[in-house]
Asks: 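Below you'll find the structure I mean.
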Amino acid sequence: MALTAVKGFNDILPDESGRWQYIEQTARRVFELNGFGEIRVPVMEKTELFCRSIGDATDIVEKEMYTFVDKGENSVTLRPEGTAGVMRAFIEHKMYAQDPIAKLYYMGPMFRYERPQKGRYRQFHQIGAEITGVNDPLADAQVLNMLTSFFREIGLTEPTLQINSLGCPECRPAYRAALRSFLEGRMGHLCEDCKRRFATNPLRTLDCKVPGCVEATAGAPSVLEHLCNDCDEHFGSVRRYLDLSATPYSINSRMVRGLDYYTRTTFEMVTGLLGSQSAVAAGGRYDGLISQLGGPAIPGIGFAMGLERVALLLGAQDFATVPDLFIATMGKGERDVAFCLMDGLLKAGVRVEMDYEGKSLKSQMRRADKLKARYSVVIGENEVTSERASFKHMADGVQTDTALTVAAVRSLVGKSAQ
RNA sequence: GUGGCUAUGGUGAAGCGGUUAACACAUACGACUGUGACUCGUACAUACGAGGGUUCAAAUCCCUCUAGCCACCCCA
């Protein structure tokens, strides 16, 4: 292979893009129904944006970003996630001046320098949604319900919702201290990574899969028992709203997030079908992010889902569209007539294919079959003079004689459409 | 970043040191002589991921690299 794509960067070929469009269209429909509008932001931002939002000490910022210096000597980074850029735009355009409540969604490629695996690539795609300006847990519940209905609409039952609360700057330090003192006595049982995490981010130890750590942290204090009154009430309301709308969920008090900006409600849509790539969508509240980025003190909540993973869950369903009609011609003389008929039908919204290169009738019919055309028609001298032709319904071989006019063909071919 | 496994045509694959790289699917053309799907015929890898080496002889053994997969890690 002389020239190949960059490692971890993939092509999406036409036989697969139908599935992607289906996911995107479903998301647009569900999100817009909920009052969200699309925002399109650049794939590249100043590096500082991500350091300040995601957190300097996170793995993403520390070792996974595509960061480089451009010709103007600015440090820029290919976005590793979407929320930071959307919030940057929200602040930069002072969108809050008109209305602090913004409901935004986005979709597009994200970039992270990780070891590629199934369901995890260096260029991957996310669809995300954000609500700003609402403190009330109603917003949390709407976001969760919207995410749940997206998966229902798309026809998947597998990813299931898990929720948790990470508390706020008021109560999290206390919890962290409680967890530390719990872990202190069990340091000997923790893996090397967790010993390090003890200092940097003790909450991570709860998420460790090493058997020894799972055992050692079995009786660890739960975040949920250390929430301050406001956070506890908030979380309770989220649950109540979810119950009111009969949204299924489970509570996972060990769920942690890899991005530093999350507060209070956090959640994941998880599946057991994707190996270690269990998170299909994830998100949470980020009440401090906007002010942290230099904007006003406006809260926010949102999520992102991984398109590659959703596509994997959908499996190899066939989303290909199929021609309504294939026009075959007997000889060069009839091609003008065929071309004009095709042109007229295309303008009338009928999907038509015809032979491009004057192949044998046999070849043309084979092609009609291969393309799964619903109807085929052969145009020769007889048809041209009589201005009528037999249209063959490919599935059962039944032929119908009809005038060679756009209107007549359209009504014949359109009859059994869909 | 750390382990492990794998690597033959468009695809799935045989081949396990010795003349023309099996087979199937897909593709192209043709036969059935103005109509596809079944059947039949023909064509289709200067070549076995790349580069070195061992050998009289390598797709088959060894080394390096690259890529993919799986697990860890991380996360969507």
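Numbers restart at 1 for each chain; the letters A, B, ... are given by sequence-line order, proteins then strands.
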Asks: To the nearest Å, give me how far apart CG (A/L371) and C1' (B/U27) are.
Replies: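 Rounding to the nearest Å, CG of A/L371 and C1' of B/U27 are 14 Å apart.
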
Asks: I want to check one thing: is the phosphate of B/A71, taken as OP1 and OP2, less than 4.0 Å away from some side-chain N or O of A/Q117?
Replies: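 Affirmative; the distance criterion is met.
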
Asks: How close or far is atom P of B/G68 from atom CZ of A/F9, stated in whole angstroms?
Replies: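 About 12 Å, once rounded to whole Å.
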
Asks: May I ask you to verify if any side-chain N or O of A/K63 is less than 4.0 angstrom from the OP1 or OP2 atom of B/C75?
Replies: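 Answer is no, no contact under 4.0 Å.
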
Asks: For A/A328, report the nucleic acid contact type (base, sugar-phosphate, nothing); a contact means any heavy atom under 4.0 Å.
Replies: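 Counting heavy atoms under 4.0 Å across all strands, no contact is made by A/A328.
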
Asks: Assign A/A368 to base, sugar-phosphate, or nothing according to its heavy-atom contacts below 4.0 angstrom with the strands shown.
Replies: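 Nothing, no heavy atom under 4.0 Å.
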
Asks: Report the C-alpha distance between A/T266 and A/N164 in whole Å, list the side-chain angles of each, state the deciding distance to 0.1 Å, and finish with yes or no for side-chain hydrogen bond (donor to acceptor under 3.5 Å, both in side chains).
Replies: CA-CA 5 Å; A/T266 56; A/N164 192 24; 4.5 Å; no

Asks: Taking the basic N atoms (NZ, or NE/NH1/NH2) and the acidic carboxylate oxygens, is any pair closer than 4.0 Å for A/E383 and A/R388?
Replies: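 Salt bridge: no.
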
Asks: Given atom CG of A/D59 and atom C1' of B/U2, what is their separation to the nearest angstrom?
Replies: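 It is 14 Å, rounded to the nearest whole Å.
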
Asks: Just checking A/G119: base, sugar-phosphate only, or nothing, at a heavy-atom cut-off of under 4.0 Å?
Replies: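 The residue A/G119 makes base contact.
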
Asks: Can you tell which of B/G30, B/U35, B/A76 lies closest to the side chain of A/R257?
Replies: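 The listed nucleotide nearest to A/R257's side chain is B/A76.
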
Asks: Which nucleotide in the list B/C69, B/A37, B/A28 gets nearest to the side chain of A/K359?
Replies: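 Selected nucleotide: B/A28.
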
Asks: Any salt bridge (Lys or Arg N to Asp or Glu O under 4.0 Å) pairs touching residues 116-130 of chain A, not counting sequence neighbours?
Replies: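 Qualifying pairs: A/E114-A/R120.
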
Asks: Can you tell which of B/G34, B/G36, B/C73 lies closest to the side chain of A/M365?
Replies: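 For A/M365, the side-chain atoms sit closest to B/G36.
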
Asks: Stepwise, does the side chain to side chain contact (heavy atoms under 4.5 Å, CB included) test hold for A/K103 with A/Q142?
Replies: CA-CA 11 Å; A/K103 299 203 276 187; A/Q142 186 183 8; 3.9 Å; yes

Asks: Looking across every strand, which nucleic acid part, if any, lies under 4.0 Å from A/V378 by heavy atom: base, sugar-phosphate, or nothing?
Replies: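 Base: the residue A/V378, judged by heavy atoms under 4.0 Å, touches a nucleobase.
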
Asks: B/G4 and B/C63: how far apart are their P atoms, nearest whole angstrom?
Replies: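 Nearest-Å result for B/G4 against B/C63 at atom P: 14 Å.
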
Asks: Quick one: A/R115 CZ to B/G68 P, roughly how many Å, whole number?
Replies: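 These atoms are roughly 10 Å apart.
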
Asks: Could you tell me whether A/T58 contacts a base, only the sugar-phosphate backbone, or nothing, with contacts defined as non-hydrogen atoms closer than 4.0 Å?
Replies: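 Contact class for A/T58: none.
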
Asks: Does A/E64 reach a base, just sugar-phosphate, or nothing at all? Heavy atoms under 4.0 Å.
Replies: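 The residue A/E64 makes sugar-phosphate contact but no base contact.
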
Asks: Which nucleotide in the set B/A76, B/A37, B/C70 lies at the smallest distance from any side-chain heavy atom of A/Q126?
Replies: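 Nearest to the side chain of A/Q126 among the choices is B/A76.
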
Asks: Is there a side-chain contact between A/H234 and A/S165, using heavy atoms and a 4.5 Å cut-off?
Replies: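 Heavy-atom side-chain distance check fails, nothing below 4.5 Å.
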
Asks: Sticking with atom C1', work out how far B/A67 lies from B/G30, rounded to a whole angstrom.
Replies: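 Rounded to whole Å, the distance is 40 Å.
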
Asks: So what does A/E383 touch, heavy atoms closer than 4.0 Å: a base, only the sugar-phosphate, or nothing?
Replies: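 Result for A/E383 = base.
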
Asks: Return the nearest nucleotide to the side chain of A/L361; candidates are B/A71, B/U35, B/C32.
Replies: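 Minimum distance to the A/L361 side chain belongs to B/U35.
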
Asks: Would you indicate what A/Y121 reaches in the nucleic acid, counting non-hydrogen atoms under 4.0 angstrom: base, sugar-phosphate, or nothing?
Replies: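 Answer is base: heavy atoms of A/Y121 come under 4.0 Å of a base.
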
Asks: Testing the basics here: between A/I327 and A/A338, what is the closest heavy-atom pair and its distance to 0.1 Å?
Replies: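 Between these two residues, the closest heavy atoms are CG2-CB, 3.7 Å.
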
Asks: On a whole-Å scale, what distance lies between the C1' atoms belonging to B/A26 and B/C62?
Replies: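 It works out to 37 Å between them.
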
Asks: Starting at atom CG of A/L312, determine the distance to atom C1' of B/C70, rounded to an integer number of angstrom.
Replies: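 Distance check: A/L312 CG to B/C70 C1' gives 14 Å.
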
Asks: Output the single nucleotide from B/A28, B/C75, B/C73 whose closest atom is nearest the side chain of A/R204.
Replies: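 Nearest to the side chain of A/R204 among the choices is B/C75.
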
Asks: Report yes if a side-chain nitrogen or oxygen of A/S390 is closer than 4.0 Å to either non-bridging phosphate oxygen (OP1 or OP2) of B/U35; otherwise report no.
Replies: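 No, A/S390 has no side-chain N/O under 4.0 Å of OP1/OP2 on B/U35.
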
Asks: By nearest heavy atom, map A/S360 and A/M394 onto RNA chain B; which one lands nearer the 5' end?
Replies: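 Its nearest nucleotide lies further toward 5', so the answer is A/S360.
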
Asks: Given B/C75, B/U35, B/C70, which nucleotide is nearest the side-chain atoms of A/S376?
Replies: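 Selected nucleotide (nearest to the side chain): B/U35.
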
Asks: Tell me: CZ of A/R366 to P of B/C29, nearest whole Å?
Replies: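 Taking CZ of A/R366 and P of B/C29, I get 8 Å after rounding.
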
Asks: Looking at A/K347 and A/D343, is there a salt bridge between them, counting it only when a charged N and a carboxylate O are closer than 4.0 Å?
Replies: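 A salt bridge links A/D343 with A/K347.
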
Asks: Would you check, one step at a time, whether the test side-chain hydrogen bond (donor to acceptor under 3.5 Å, both in side chains) holds for A/T26 with A/E153?
Replies: CA-CA 7 Å; A/T26 305; A/E153 289 290 304; over 6 Å; no

Asks: Look at the side chain of A/E114 and decide which nucleotide, out of B/U35, B/C74, B/C73, has an atom nearest to it.
Replies: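 Out of B/U35, B/C74, B/C73, the nucleotide with an atom closest to A/E114's side chain is B/C74.
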
Asks: Does A/M269 or A/D396 map to a spot on RNA chain B nearer the 5' end, using the closest nucleotide for each?
Replies: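 The residue whose closest nucleotide sits nearer the 5' end is A/D396.
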
Asks: Take atom P in B/G3 and the same atom in B/U8, then report the distance between them in whole Å.
Replies: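 Pairwise P distance, B/G3 against B/U8, rounds to 25 Å.
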
Asks: Quote, to the nearest angstrom, the C1' distance that separates B/G51 from B/G15.
Replies: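 Per the computed distance, 24 Å lies between those C1' atoms.
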
Asks: Counting side-chain heavy atoms from C-beta on, which of B/A67, B/C74, B/A28 comes nearest to A/K7?
Replies: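 Among B/A67, B/C74, B/A28, the one nearest the side chain of A/K7 is B/A67.
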
Asks: How far does the P atom of B/C48 sit from the matching atom of B/U60, given to the nearest Å?
Replies: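 It works out to 9 Å between them.
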
Asks: What integer number of Å spans the P atoms of B/A47 and B/A22?
Replies: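 Roughly 15 Å separates the two P atoms.
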
Asks: Does A/S363 place a side-chain N or O at less than 4.0 Å from the phosphate oxygens OP1/OP2 of B/G30?
Replies: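 Yes.
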
Asks: Remember a base hit wins even if backbone is also touched, and classify A/G397 as base, sugar-phosphate or nothing at under 4.0 Å, heavy atoms.
Replies: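 The residue A/G397 makes base contact.
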
Asks: Should the side chain of A/K362 and the base of B/G36 be counted as holding a donor-acceptor pair, with the cut-off at 3.5 Å?
Replies: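 Under the 3.5 Å cut-off, the side chain and the base do not form any donor-acceptor pair.
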
Asks: Can you name the one residue among A/D70, A/T67, A/T47 that meets side chain to side chain donor-acceptor pair (under 3.5 Å) with A/S75?
Replies: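 The passing option is A/T47.
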
Asks: From CG of A/D355 over to C1' of B/G36, roughly how many Å is that when rounded to an integer?
Replies: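 That distance rounds to 14 Å.
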
Asks: Whole-Å distance between B/G36 C1' and A/R374 CZ?
Replies: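 Result: 16 Å.
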
Asks: Would you check if the side chain of A/T217 reaches a backbone N or O of A/A220 as a donor-acceptor pair within less than 3.5 Å?
Replies: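 Flag not set: sc A/T217 to bb A/A220 has no pair under 3.5 Å.
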
Asks: For residues A/P80 and A/M110, report the shortest heavy-atom separation together with the two atoms involved.
Replies: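 Taking A/P80 first and A/M110 second, the nearest heavy atoms are O-CB, 3.9 Å.
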
Asks: Distance between the P atoms of B/C61 and B/A7, in whole angstroms?
Replies: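 10 Å, rounded to whole Å.
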
Asks: Requiring both pairing distances under 3.5 angstrom, list the stems that contain RNA chain B and are made of three or more consecutive Watson-Crick or G-U pairs.
Replies: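 Expected stems, ordered by start: B:1-7 with B:66-72, B:10-12 with B:23-25, B:27-31 with B:39-43, B:49-53 with B:61-65.
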
